Amino acid sequence: MVTILNHPLITHKLAIMRDKNTGTKDFRENLNEIAALMAYEVCRDLPVKQVKVETPVSSCNTFVLKNDIVLIPILRAGLGLVNGINNLIPTAKVGFIGLYRDEKTLEPHEYFAKFPDNLVDAVNLVLDPMLATGGSAIAAIDMIKKRGAKNIKLVCLVGAPEGVQAVEKAHPDVDVYLAALDSHLNENGYIVPGLGDAGDRIFGTK
């Protein structure tokens, strides 16, 4: 299932990020803020368990999260979503997955992976600002499924229909969350209208 988080605060901040004149500092700050706003919605249906606590007045039956949360950014751009979500869920653990694309086959390959030991029982949020062709997202999901992950959500800032369809076909059990669904991919594989190369704009490398 694909969910477009069409919230006024998200679209306002995304408009700032889309602007080619927005500098690295403002781009990164707005991404952090959007990530936190998205996390609130992404976590809306998380399972909870009942616990009993003692308040200063009396005992109370209430609820806490049932499962651990693991954030899995796809390097390097996915790192831009980590802090905003981690600020909202400070108990979340963070794994990392690095992919590179073979220049001849265009297939993604894993070059780095480091995960906490609770993927099997955790809610795993795969993070990548851009969902273009879907190749990297599909490969990352394949890799964590091989390591036992079952409950997986893909969280992206901007997506293209081509990428969404590819992920839905490859992993129909994974929920996809987007701040915006854009028009299409251009001949170079960039999302239109998009916001450019998210990694370069986050880290100021271009």
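Residues: numbered from 1 along the sequence shown. Note that the structure is predicted; figures quoted are calculated from it, not measured. Values below: every heavy atom of this structure, side chains too, minus hydrogens, waters and symmetry copies.
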Between V70 and A122, which heavy-atom pair has the shortest distance, and what is it? CG2-CB, 3.6 Å
What residue pairs, at least two apart or across chains, pass side-chain hydrogen bond (donor to acceptor under 3.5 Å, both in side chains) with a residue in residues 89-99? none
With a 3.5 Å distance limit and no angle check, can you tell me whether R28 reaches the backbone of R201 through a side-chain donor-acceptor pair? no
In terms of side-chain heavy atoms, does N118 have a donor or acceptor partner in D68 at a distance below 3.5 Å? yes
Could you see if V158 belongs to whatever hydrophobic cluster contains I202? Use Ile, Leu, Val, Met, Phe, Trp, Tyr and a side-chain cutoff under 4.5 Å. yes
By side-chain hydrogen bond (donor to acceptor under 3.5 Å, both in side chains) - contacts of E162 (at least two apart): none
Test your reading of the model: is there a side-chain donor-acceptor pair from N87 to the backbone of N83, 3.5 Å cut-off? yes
Closer than 3.5 angstrom, by distance alone: can the side chain of D26 be matched with the main-chain N or O of T22 as a donor-acceptor pair? no
Can you tell me if R44 uses its side chain to pair, donor with acceptor, with the backbone of Y40 under 3.5 Å? no
Which heavy atom of I97 sits nearest to which heavy atom of A140, and what is that distance? CD1-CA, 4.0 Å
Hey, are R18 and D182 close enough for a salt bridge, meaning a charged N less than 4.0 Å from a carboxylate O? yes
Among L119, N124, D173, the one residue meeting side chain to side chain contact (heavy atoms under 4.5 Å, CB included) with K145: D173
Taking NE2 in H12 as the centre, count heavy atoms belonging to other residues, nucleotides or ligands within less than 6.0 Å. Is the count above 12? no
Between D200 (side chain only) and F203 (backbone N and O only), is there a donor and an acceptor less than 3.5 Å apart? no
Please check if the number of heavy atoms outside Y190 that lie under 6.0 Å from its OH is greater than 12. no
